[in-house]
A.B. asks: 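Got a structure here, written out as structure tokens. Questions coming.
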Amino acid sequence: MTVDDPFKHSTLGSGIFYKNPRAALIWLEKAFGFEPSMVSDADGRLVHSEMRFGDGYIIVDSEWADHVASPASVAGKNTQSVYVRLKDGLDSHCDRARAAGAEIVQEPADQFYGERQYRARDPEGHVWTFSQTARFVSREEAERLGDLQIEGWHRLESSG
């Protein structure tokens, strides 16, 4: 039996762990433009929350078990990074994040493979990468510009 997801989650999301998830919810909305879509409390403590950005989602959660931690609890180390695709406005998005207190660890810059991106560290140390397509680059051009050999590459979908 197949049941449709009533929350319309995308195929892939990510869970981000914070020492103070309530503060993270507020900050992620202000700095990066995520929108809260669910917040569940029990006895005054946050037990689950979700935020949306475009067609993607993240779960913002506490350090609820020994195997999950905020970078703030492990000397700032990251074991993952969340990548967020923007359609446009990358530089103004970076300005918004900076104004909200994000540490910009990589300023907006064009990459040889056709993307423009920046990286920002949130108040608990998670590093987020924001990217938008700046121009189309063929595999051959990316190999030449990056001095790489690439297996597989982005394909343009045919319209019919």
A.B. asks: Tell me the closest heavy-atom pair linking V47 and D61, and the distance in Å.
C.D. replies: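 Looks like O-OD1, 4.1 Å.
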A.B. asks: As a test of understanding, state which of N78, D122, V127 forms a side chain to side chain contact (heavy atoms under 4.5 Å, CB included) with P71.
C.D. replies: N78
A.B. asks: Within the distance-only criterion (no hydrogens, no angle test), does the side chain of S62 pair as donor or acceptor with the backbone N or O of P21 below 3.5 angstrom?
C.D. replies: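 Judged by distance alone, no pair lies under 3.5 Å.
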A.B. asks: Please report the interatomic distance OH(Y57) to CG(L12), rounded to the nearest 0.5 Å.
C.D. replies: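 The OH atom of Y57 sits 7.5 Å away from the CG atom of L12.
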A.B. asks: Is a donor on one side and an acceptor on the other found under 3.5 Å between the side chain of Q111 and the backbone of A109?
C.D. replies: yes
A.B. asks: To the closest 0.5 Å, what do you measure between CD1 (I16) and CH2 (W128)?
C.D. replies: 4.5 Å
A.B. asks: For F53 and H93, take the angle between the two ring planes, folded into 0 to 90°, and tell me which bin it lands in: parallel under 30, tilted 30 to 60, perpendicular over 60.
C.D. replies: perpendicular
A.B. asks: F17, V74: one ILVMFWY side-chain cluster at the under-4.5 Å cut-off?
C.D. replies: no
A.B. asks: Would you call the rings of F32 and W27 parallel, tilted or perpendicular, where under 30° means parallel and over 60° means perpendicular?
C.D. replies: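 Because their plane-to-plane angle is over 60°, the rings of F32 and W27 count as perpendicular.
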A.B. asks: Is it true that the side chains of R22 and S49 contain a donor and an acceptor less than 3.5 Å apart?
C.D. replies: no
A.B. asks: Is it true that, when you exclude Q149 itself, more than 12 heavy atoms of the residues, nucleotides or ligands shown sit nearer than 6.0 Å to its CD?
C.D. replies: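 Open: at most 12 neighbouring heavy atoms sit under 6.0 Å from CD of Q149.
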A.B. asks: Let me check something: do M51 and M38 share a hydrophobic cluster, defined by ILVMFWY side-chain heavy atoms less than 4.5 Å apart, either directly or through other members?
C.D. replies: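 No, because M51 and M38 fall into different hydrophobic clusters, even though each may have its own neighbours under 4.5 Å.
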A.B. asks: Checking the side chain of Q132 only, and the main-chain atoms of L90 only, is there a donor and an acceptor separated by less than 3.5 Å?
C.D. replies: yes
A.B. asks: Measure up the W64 and H67 rings against each other and bin them: parallel (under 30°), tilted (30 to 60°), perpendicular (over 60°).
C.D. replies: perpendicular
A.B. asks: At their closest point, which heavy atom of E124 faces which heavy atom of N20, and how far apart are they?
C.D. replies: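 Closest heavy-atom pair between E124 and N20: OE2-N, 2.9 Å.
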A.B. asks: So do T133 and R85 actually touch side chain to side chain, heavy atoms under 4.5 Å?
C.D. replies: yes
A.B. asks: Do D110 and R135 sit within salt-bridge range, that is, some charged N less than 4.0 Å from a carboxylate O?
C.D. replies: no
A.B. asks: Flag yes if V105 and Y83 sit in one hydrophobic cluster, no otherwise; membership is Ile, Leu, Val, Met, Phe, Trp, Tyr, and two members link when side-chain heavy atoms are under 4.5 Å apart.
C.D. replies: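 Shared cluster, no.
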A.B. asks: Output the distance between atom CD (E103) and atom CZ (R98), rounded to the nearest 0.5 Å.
C.D. replies: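 Going from the CD atom of E103 to the CZ atom of R98 covers 10.5 Å.
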A.B. asks: For a quick test of reading the model, state the closest non-hydrogen atom pair linking F136 to S138 and the distance between them.
C.D. replies: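 Result for this residue pair: CE2-N, 3.8 Å.
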A.B. asks: Any ion pair linking R139 and E143 (charged N to carboxylate O, less than 4.0 Å)?
C.D. replies: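 Looking at R139 together with E143, the answer is yes, because their closest N to O distance falls below 4.0 Å.
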A.B. asks: Who passes salt bridge (charged side-chain N to carboxylate O under 4.0 Å, His left out) against E35, sequence neighbours left out?
C.D. replies: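 Expected list: none.
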A.B. asks: What is the distance from atom CG of L25 to atom NZ of K30, rounded to the nearest 0.5 Å?
C.D. replies: 15.0 Å
A.B. asks: What pair of heavy atoms forms the shortest contact from R96 to G33, and how long is it?
C.D. replies: NH2-CA, 3.3 Å
A.B. asks: Would you give the length of the straight line joining atom CD of E107 to atom OH of Y118, rounded to the nearest 0.5 angstrom?
C.D. replies: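 Answer for the CD-OH pair, E107 versus Y118, is 10.0 Å.
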A.B. asks: Taking side chain to side chain contact (heavy atoms under 4.5 Å, CB included) as the test, write out the residues that go with L148, two or more places apart.
C.D. replies: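 Partners of L148 by the side chain to side chain contact (heavy atoms under 4.5 Å, CB included) criterion, ordered by chain and then number, come out as F112, I150.
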A.B. asks: Considering all heavy atoms of both residues, which atom of V60 and which atom of A24 are nearest to each other, and what is their separation?
C.D. replies: CG1-CB, 4.0 Å
A.B. asks: Calculate, to the nearest 0.5 Å, the distance between atoms OG and CZ belonging to S81 and R121 respectively.
C.D. replies: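 That separation rounds to 10.0 Å.
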A.B. asks: Do the side chains of H126 and V82 get nearer than 4.5 Å, heavy atoms only?
C.D. replies: no
A.B. asks: Is there side-chain contact between I58 and L28, with heavy atoms separated by less than 4.5 Å?
C.D. replies: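 I58 reaches L28 side chain to side chain.
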A.B. asks: Taking E63 for its side chain and S70 for its backbone only, find out whether a donor-acceptor pair lies under 3.5 Å.
C.D. replies: yes
A.B. asks: Quick one: does any side-chain atom of H48 pair with a main-chain N or O of I59 as donor and acceptor, under 3.5 Å?
C.D. replies: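 Not confirmed, H48 side chain does not pair with I59 backbone.
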